[in-house]
Trainee: 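Let me begin by handing over the structure; questions about it come next.
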Amino acid sequence: MSEYDIEHSHGMHLVHDGPRQAPPVLLIHGSGASGGFWRPMVPALAAHHHLIRVDLPGCGQSPPAPSYDVPAQAGQVAALLDDLGLRHVAVVGHSSGGYVATALAEQRPDLVGSLALISSGPSPDALLRQPFLLRALLAPPLGPLLWSRRSDALIRKGIVATAARPVDLPDDVVADVRGITYRVMRTVLRCNTAYIAERSVPERLAALQVPVLVVFGAADPRWEPSSAHQYDAVPNARVELLPGVGHLPMLEAPETTGDLLLDFTATGGRRPVIPDA
């Protein structure tokens, strides 16, 4: 099967990149995004892996779902991996996509060979005061009105507000974001908060026997960058902070982020052993 094969599975839109016989990597986007956000990293990753980019329910080209609870979304992802016949997948999640990835490992450890979490806030206390534009778009009384009248320019401004470097957003990616309804977005955010309030992500990961890579932008305006070190408590976790990068490393620093992922997957998520001199 060639690059950019598209299919649907369990109510989710999938895009396959790279050779099907290569080691699989599942890419899960964050809230208010789509699988298209990974595109700058695809060529480098697809040279070594079978990539599966998923649009979570209600996002991108996937239809709405009855539930947006994080465990429910993870269950849908597990079902599609079962359909594809894949096991021990390297699962990569951006932002709240990292919560779905973590919940997947909690539910089905047989499916997850390693976890990479990019800009995934560890706990509610790490959340910063959000940029003004995002607060206006996502909260009453202005939110519902502004959301329904968003222009492409306003959508771009909302996404860029979470970055520290310039990012290029293709028209089809903007269209994916436009298709997300206000109700879905608010529900997803509420479910994400409930998931990390119940137990922090580092606590959840500490109970799992899975290698973990954590990548954080050192200039992330959404989550306190120093909170990345909460993941230091997780056995087999490697934490990387990217200087001058905000909440969108795959768009702001795709080469660096891609190199970190390739190094991580090449070793099966294990730290390389350096022999004594």
Side-chain angles (χ1 to χ4, degrees), residues 1 3-38 42 45-46 49-118 120 176 179-181 183-185 187-192 194-196 198-199 201 204-205 207-212 265 269:
M1 200 174 262
E3 293 183 346
Y4 303 112
D5 287 306
I6 298 170
E7 63 177 292
H8 288 79
S9 177
H10 294 273
M12 286 180 286
H13 174 265
L14 310 179
V15 177
H16 297 271
D17 306 279
R20 287 286 186 114
Q21 68 273 19
V25 173
L26 174 67
L27 301 173
I28 306 176
H29 65 80
S31 305
S34 72
F37 276 63
W38 298 103
V42 164
L45 294 179
H49 292 283
H50 167 205
L51 301 183
I52 305 107
R53 288 184 283 152
V54 60
D55 286 349
L56 292 174
C59 299
Q61 299 180 54
S62 293
S67 173
Y68 295 96
D69 287 344
V70 171
Q73 295 194 67
Q76 288 184 261
V77 174
L80 75 87
L81 290 177
D82 282 337
D83 275 0
L84 294 171
L86 297 176
R87 292 291 184 275
H88 306 295
V89 177
V91 183
V92 184
H94 172 248
S95 194
S96 61
Y99 307 156
V100 177
T102 300
L104 176 65
E106 289 178 310
Q107 292 176 19
R108 293 288 305 277
D110 59 309
L111 297 179
V112 180
S114 62
L115 282 173
L117 309 184
I118 301 174
S120 297
D176 283 345
I180 302 171
T181 69
R183 185 191 69 81
V184 166
M185 187 67 181
T187 304
V188 166
L189 292 176
R190 184 174 67 251
C191 291
N192 292 339
Y195 181 74
I196 62 174
E198 181 184 45
R199 277 179 80 200
V201 186
R204 293 174 182 275
L205 293 175
L208 305 175
Q209 299 296 317
V210 61
V212 177
T265 57

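Side chains included, hydrogens not; waters and symmetry mates left out as well; all remaining heavy atoms used.
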Trainee: Please answer whether the main-chain N or O of Gly30 pairs with a side-chain N or O of Ser96 as donor and acceptor at a distance below 3.5 Å.
Mentor: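 Here the side-chain-to-backbone pair does not exist.
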Trainee: Dump the intermediate steps for side chain to side chain contact (heavy atoms under 4.5 Å, CB included) on Leu26 and Ile52, then the final yes or no.
Mentor: CA-CA 5 Å; Leu26 174 67; Ile52 305 107; 3.9 Å; yes
Trainee: Grab the two heavy atoms, one from Val89 and one from Pro24, that are nearest each other, plus how far apart they are.
Mentor: CG1-O, 3.7 Å
Trainee: Would you name the heavy atoms of Pro19 and His49 that are closest together and state the gap between them?
Mentor: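 The pair with the smallest heavy-atom distance is CD-O, 4.0 Å.
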Trainee: Can Arg53 and Val42 be said to form a side chain to side chain contact (heavy atoms under 4.5 Å, CB included), step by step?
Mentor: CA-CA 10 Å; Arg53 288 184 283 152; Val42 164; 3.7 Å; yes
Trainee: From the options Val112, Val210, Leu117, select the one residue that forms a side chain to side chain contact (heavy atoms under 4.5 Å, CB included) with Thr102.
Mentor: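 Looking at Val112, Val210, Leu117, the match for Thr102 under the side chain to side chain contact (heavy atoms under 4.5 Å, CB included) is Leu117.
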Trainee: Can a salt bridge be assigned to the pair Arg87 and Asp82 using a cut-off of 4.0 Å between side-chain N and carboxylate O?
Mentor: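 Judged by the 4.0 Å cut-off on N to carboxylate O distance, Arg87 and Asp82 do form a salt bridge.
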Trainee: Donor-acceptor pair, Asp55 side chain versus Gln61 backbone, under 3.5 Å?
Mentor: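 Checked: pair present.
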Trainee: Once you measure the plane-to-plane angle for Tyr195 and Tyr99, does it fall in the parallel (<30°), tilted (30-60°) or perpendicular (>60°) bin?
Mentor: tilted
Trainee: If you take all heavy atoms of Ile180 and Gly58, which pair is closest and at what distance?
Mentor: CG1-O, 3.8 Å
Trainee: Keeping His29 on the side-chain end and Trp38 on the backbone end, is there a donor-acceptor pair under 3.5 Å?
Mentor: no
Trainee: Start with the C-alpha gap between Ser31 and Asn192, add the side-chain angles, then the distance that decides, and say whether side chain to side chain contact (heavy atoms under 4.5 Å, CB included) holds.
Mentor: CA-CA 9 Å; Ser31 305; Asn192 292 339; 2.8 Å; yes
Trainee: Please name the pair of heavy atoms, one in Ala103 and one in Ala74, separated by the smallest distance, quoted to 0.1 Å.
Mentor: CB-CB, 3.6 Å
Trainee: How far apart are the C-alpha atoms of Val77 and Met12, what are their side-chain angles, what is the distance that settles it, and do they pass the side chain to side chain contact (heavy atoms under 4.5 Å, CB included) test?
Mentor: CA-CA 8 Å; Val77 174; Met12 286 180 286; 4.2 Å; yes
